[in-house]
Structures are given as structure tokens and as C-alpha cells.
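First up is the structure itself, then whatever we jot down about it.
One-based numbering along the sequence shown. It should be emphasised that the depicted structure is a prediction, and the values quoted were computed from it without experimental measurement.
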Amino acid sequence: MEALWVAAAFALGLLASRLGLPPLVGYLGAGFALHGLGLRETEFLHYAAEIGVLLMLFTVGLKLRFQDLLEPRVLVAGGLHLLLFSLLAFLLLRNLPLAMALAFSSTVLVAKVLEGKKELTTYHGRLAIGILVLQDLVAVGLISLYGGGTPSPWAVLLLLFPLVRQGVAWLLEKSGHEELLVLFGLGLALLGGETFRQVGLSPELGALLTGALLSGHAKGPEMAKALWALKEAFLVAFFLDIGLREGIRGVEAGVVGGLLLLLGLKAPLFFALFLLLGLRARTGFVAGMHLGNYSEFALIVGVVLERAGHLPVNLTSLALTVALSMALSAPLARYSHTLYKRLEPRLLRLERRGTHPDQEPERLEGATVLIVGMGRTGGAVYRVLEENGERPFGLDADPEKVERHRAKGRRVLYGDAEDPELWERLDLRGLKAVVLALPDLEAKLLAARWLKERGFSGILAATSFHLEEDPVLKAAGVSLLFHPFREAGERLAERVLKEVAIMGEVSHGRS
């Protein structure tokens with residue numbers, strides 16, 4: 001049975017990928033197809049799916065900053081959207097708990113798409129995740145209220161949860177860098193989820209907050225990277241489980257169509273709220289596109305309401321609607337930057353005038369080299385250039401990285417390489433070179449093409465992590481490629497040869 005699940009998920013996931021869609025669309029389709037063949041979800045698949053969700057939320061928690069949740073724009077935009085969209089859904093369904101559940105966006109899908117594009121720490125990524133966490137907190141209360149259960153009195157002990165951070169951090173330090181690190185991360189995700197479950201709270205929230213205990217720890221990113229493959233494998237089970245749970249039998253076409261039409265209002269409503277709160281049109285558009293879907297929590301609430309006899313629609317129709325919303329939303333979110341580029345002239349007219357909290361620079365203060373992406377590679381490039389008399393300037397979409405570099409006295413500002421407005425307004429005079437030290441291929445391609453459109457004639461360098469990326473980057477205008485993994489080995493070999501030569505000379509002199 002398990003072999004058939006894996007084979008179907010791989011086949012349809014590969015097909016979806018070839019069609020330019022995220023593989024998860026194929027995984028959802030595989031679940032529906034297997035259900036049509038008479039197969040059903042099993043306890044093993046359901047448990048594997050739950051582990052995938054817990055691991056996803058745990059890794060999101062590793063990168064979460066609690067101050068992001070308290071940001072007024074998260075609270076206001078998230079709260080108002082929840083209220084307004086719930087009212088719209090209530091007019092259609094006449095059922096308040098289900099209407100509220102439909103106002104939630106999918107934490108699993110949005111986090112997966114953002115992580116795939118390396119945008120979890122960008123301004124719009126932090127904004128989206130903050131709103132999702134706010135929604136999840138409301139969802140926990142909703143499920144507890146209508147599920148007939150209440151949190152255990154022991155739940156108050158979770159207020160002491162932050163006190164265990166020091167002990168968990170100590171164990172993380174002792175876990176090394178290989179299989180023990182993976183095992184420790186998996187154990188933390190499961191333990192956090194089970195602890196919250198035992199006191200009557202959401203295990204998903206438990207995994208998220210357990211990961212947040214280690215947010216900001218130096219080994220947090222390493223643990224997230226180590227868990228990546230394990231998390232991806234278990235998440236396949238989550239999407240299969242959605243399809244296998246109900247299939248497409250007994251679908252109410254009118255309900256599905258009406259809910260999908262309603263879905264079309266979700267992203268525009270977010271966009272309007274973000275604009276009212278003073279954000280730039282691009283930030284509001286991209287964040288809204290990521291949040292324009294229905295949540296897996298809608299299915300959970302649907303099951304609870306069905307058991308209580310209060311579900312106004314067929315559960316199969318609800319499951320298909322949620323699945324279709326994910327299938328529609330994922331590619332739109334994936335290419336939201338490209339879509340914004342096409343719609344930019346119209347959307348900019350709606351933007352509020354004045355200074356925005358996500359404002360990007362227009363001048364580079366006499367810089368000779370611009371470095372886009374101030375991670376490890378970009379930071380090293382900045383340091384070497386500065387030591388050799390150049391005047392580097394750094395841009396990064398992660399506000400936390402910007403703060404760290406500025407604390408070191410470096411000239412680094414917030415800037416998103418996938419923002420066309422950045423390249424249209426940025427004064428490129430005096431630049432000898434631009435270095436694109438970004439992890440995402442699409443971001444490098446977009447930046448290179450916009451620089452080419454601006455007529456930039458200096459050196460355009462970029463990192464390339466796979467040889468198949470080379471011709472694509474060169475076609476976009478990149479003149480200098482650096483392969484971090486391969487060339488790091490070459491530099492190490494050169495240093496070894498140099499040391500061998502020195503030792504040979506020393507040995508020869510002694511003889």
C-alpha cells in the first residue's frame with residue numbers, strides 16, 4: 001500500500017512540476033485519484049501527515065520572532081481581514097464557525113511556498129507568517145469551542161514554557177551536526193505537539209511554539225536545514241491524506257463554485273488593508289497573493305461541525321474546495337513577483353503617498369560595488385572588497401540581517417531583489433559591479449534582467465549552485481559566475497598544495 005502511495009505521488013508530482021505547478025498540486029491529485037480507485041486513508045498515513053505538519057510548523061517556529069506577532073500591521077490587517085471575510089462567508093453559508101474557518105489561510109501551503117523561494121524572512125514573508133500565526137491562534141479557540149472540549153487546567157503550566165529554553169538550547173549545542181541533530185529536532189517537534197495535545201490544546205500550535213523557543217539561536221538555521229528532507233517526505237503524506245480522506249464523491253458543484261468565487265476576494269481584501277496601513281503596493285500585493293487560499297483548518301472545523309450535526313455543506317465539497325484553493329493559489333504565489341511587474345502601473349496608483357515602513361533605497365552613497373543578498377557569501381564578498389579599497393554597499397530583504405550588518409558598521413539597507421521598483425528607482429551611477437549572492441534562481445534572473453533593462457554595463461556577477469543554472473543566468477546578462485560548492489573545493493585544494501610546497505621547502509632546508 002505504501003509503495004502505491006509513493007508511486008502515485010511521485011508520478012503526479014512530476015507531472016505537475018513539468019506543467020509549471022508546484023509538486024504539491026500533484027500530491028493532492030494523487031490522493032483524489034487513489035480514492036477513486038477505492039483506496040482510503042489509513043492510520044499510518046494520517047499519522048505521517050500529522051508529523052509532516054508538525055515538522056513544518058516547528059521549522060517555521062525556528063525562524064519566528066515574537067515581536068513580529070505584536071507588529072500593529074499584523075494585528076490590524078489580520079484581525080480586520082478575519083472579521084470582514086467571515087462576514088462575507090456568513091452571508092453565503094449562514095454558519096458562523098465555518099465562515100470564520102474559511103477566513104483562515106493555509107499555514108502549511110504558505111510556509112512551504114515562502115520557504116521554497118527563500119522568502120520566509122523577507123518583509124512580506126514575515127508579515128504573512130505573522131498573520132497566519134494569529135489565525136492559527138483563533139483556529140485553536142474555534143476548534144476547542146465547537147469541538148465540545150475545553151483545555152485542561154494543566155494548560156496554565158504552559159505559561160512556564162519559555163523557562164525551558166536554556167535547557168533545550170544546551171541540548172541543541174550537544175547534539176552535534178549530523179543524525180543526532182535531526183533526531184533532536186524531530187523529537188522536539190513531536191514532544192511539543194504531544195504536550196499541547198495532552199492539555200487540550202492544538203498540537204500544531206505546540207510544534208510552532210517549541211520551534212520558537214530556539215528562534216534566534218545560532219544553530220537554529222542548521223537544524224532547520226537538517227530537517228528539510230525529512231519534513232518534505234512527511235508533508236507528501238499530508239497532501240495525500242487530504243485527497244484520500246473524502247475523494248470527490250457527492251460533490252455539490254454550486255457550493256464549490258460559490259466558495260471559489262468568494263476566494264477571489266481574499267487576496268484583494270488583504271491588499272486593500274495593507275495599503276490602508278501604509279505599506280507599498282508591491283508588499284501588499286505579494287503578501288496578499290500568498291494568503292489567498294483556504295486553510296487545512298477549514299477541514300478540521302468541518303469535521304468537528306459534522307460530528308456535532310452543524311455542517312451546512314457536504315464535507316466532500318469542503319475538502320475539494322480547500323484542495324482547489326491550494327492548487328490555484330500555489331502557482332499564483334510562486335509567480336507573484338512576475339504578476340506584480342505586469343500590473344505595477346495600475347497598482348502603484350493605489351499606493352498611499354509618503355514614507356512607507358518597507359521603503360527601499362534610491363541612492364548608494366558613492367558605492368563602487370553593490371552586493372545583493374548579505375548572507376554568508378555576500379557578507380564575505382563585502383568584507384574582502386572593503387579590505388581592498390572598494391566601497392561596497394549591501395542590500396538584503398531580511399530586516400534582521402540588515403540590522404546585524406549595520407551593527408558592524410557596514411553600509412547595508414533593506415532591499416528586495418525581486419522588486420522591480422527597486423531597480424527602477426536605484427541610482428546605479430558609479431557602480432563598477434553588481435554581485436547577486438542570492439539563494440533563489442528566480443530572484444537572480446529577475447534582478448539581472450531588470451539591470452539589463454536599465455542599461456547597466458558593469459560587471460554582473462552571480463552565484464550558481466547547479467551547472468544547469470549557468471546558461472539561464474548568462475542569457476539574463478550575468479557575465480561572471482561563481483559556483484560556491486565546486487569552487488570552494490578548488491580553493492581548498494590550492495591552499496593544500498601551497499602548504500605542501502612550504503612543508504617541502506622546510507624539510508629540504510633541514511636536510
Side-chain angles (χ1 to χ4, degrees), residues 50-71 74-75 107 111 114-115 120-122 125-126 129-130 132-134 136-137 140-141 151-231 234 374-376 379 396 398-408:
E50 184 179 8
I51 292 176
V53 174
L54 294 180
L55 283 172
M56 168 63 79
L57 293 174
F58 176 74
T59 54
V60 170
L62 287 172
K63 302 175 183 179
L64 181 66
R65 299 195 310 175
F66 281 106
Q67 52 264 45
D68 293 339
L69 297 179
L70 301 177
E71 184 181 344
V74 169
L75 294 174
T107 302
L114 284 170
E115 187 178 46
L120 270 174
T121 56
T122 61
R126 290 177 186 271
I129 292 298
L132 287 168
V133 173
L134 177 66
D136 288 349
L137 292 174
V140 170
S152 163
W154 292 102
V156 297
L157 293 178
L158 294 178
L159 295 174
L160 303 176
F161 202 54
L163 299 180
V164 304
R165 173 185 166 86
Q166 186 173 357
V168 173
W170 181 80
L171 288 173
L172 177 59
E173 291 287 349
K174 300 299 181 182
S175 62
H177 304 278
E178 297 179 356
E179 65 270 14
L180 282 178
L181 182 64
V182 175
L183 188 61
F184 184 55
L186 175 61
L188 280 178
L190 297 179
L191 180 62
E194 188 59 30
T195 300
F196 273 60
R197 191 200 311 275
Q198 290 299 320
V199 295
L201 295 176
S202 165
E204 291 81 10
L205 182 63
L208 181 76
L209 294 180
T210 303
L213 279 178
L214 298 172
S215 176
H217 192 282
K219 286 192 69 174
E222 182 183 353
M223 173 179 279
K225 185 176 180 180
L227 289 171
W228 185 84
L230 189 64
K231 173 196 63 182
F234 279 110
M374 290 297 292
R376 291 182 181 179
D396 201 284
D398 183 349
E400 189 173 331
K401 284 184 185 176
V402 172
E403 292 173 7
R404 287 202 303 267
H405 285 291
R406 291 182 66 83
K408 297 177 181 178

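The distance from the CG atom of L158 to the CG atom of L209 is 9.0 Å, given to the nearest 0.5 Å. Between the CG atom of L180 and the CG atom of L171 there is a distance of 11.0 Å, given to the nearest 0.5 Å.
Inter-residue side-chain proximity for K408 and R404 is flagged as unmet; no heavy-atom pair is nearer than 4.5 Å. Side-chain atoms of T210 and L191, non-hydrogen and from C-beta on, never get closer than 4.5 Å to each other. In this structure, V199 and L157 have side chains that are not in contact, with every pair of non-hydrogen atoms separated by 4.5 Å or more.
The stretch residues 186-214 participates, sequence neighbours left out, in these ring pair (Phe, Tyr, Trp, His ring centres under 6.0 Å) pairs: F161-F196. Every pair passing side chain to side chain donor-acceptor pair (under 3.5 Å) that includes a residue from residues 165-176 is listed here, sequence neighbours excluded: E173-H217. For residues 179-200, every residue pair satisfying the salt bridge (charged side-chain N to carboxylate O under 4.0 Å, His left out) rule, not counting sequence neighbours, is listed here: E50-R197, E194-R197.
Checked against side-chain contact (heavy atoms from CB on, under 4.5 Å), I51 has the following partners two or more places apart in sequence or in another chain: Y47, L55, L186, L190, F234. Annotation: side chain to side chain donor-acceptor pair (under 3.5 Å) contacts of T107 (sequence neighbours excluded): D136.
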Return all side-chain donor-acceptor pairs below 3.5 angstrom for residues 218-229, not counting sequence neighbours, or 'none' if the list is empty.
{"from": "K219", "atom 1": "NZ", "to": "L172", "atom 2": "O", "distance (Å)": "3.3"}
{"from": "K219", "atom 1": "NZ", "to": "G176", "atom 2": "O", "distance (Å)": "2.5"}
{"from": "E222", "atom 1": "OE1", "to": "H177", "atom 2": "ND1", "distance (Å)": "3.3"}
{"from": "E222", "atom 1": "OE2", "to": "H177", "atom 2": "ND1", "distance (Å)": "2.6"}

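Across every non-hydrogen atom of G61 and S215, the tightest pair is O-CB, 3.7 Å. A189 and A207 make their closest contact through O-CB, 4.0 Å (heavy atoms, listed as atom of the first residue, atom of the second, distance). When all heavy atoms of G52 and K231 are compared, the closest pair comes out as O-CG, 4.3 Å.
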side-chain contact (heavy atoms from CB on, under 4.5 Å) between D398 and R126, worked out: CA-CA 9 Å; D398 183 349; R126 290 177 186 271; 2.7 Å; yes
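A side-chain contact (heavy atoms from CB on, under 4.5 Å) with I129 is found for exactly one of L134, L114, V74, namely L114.
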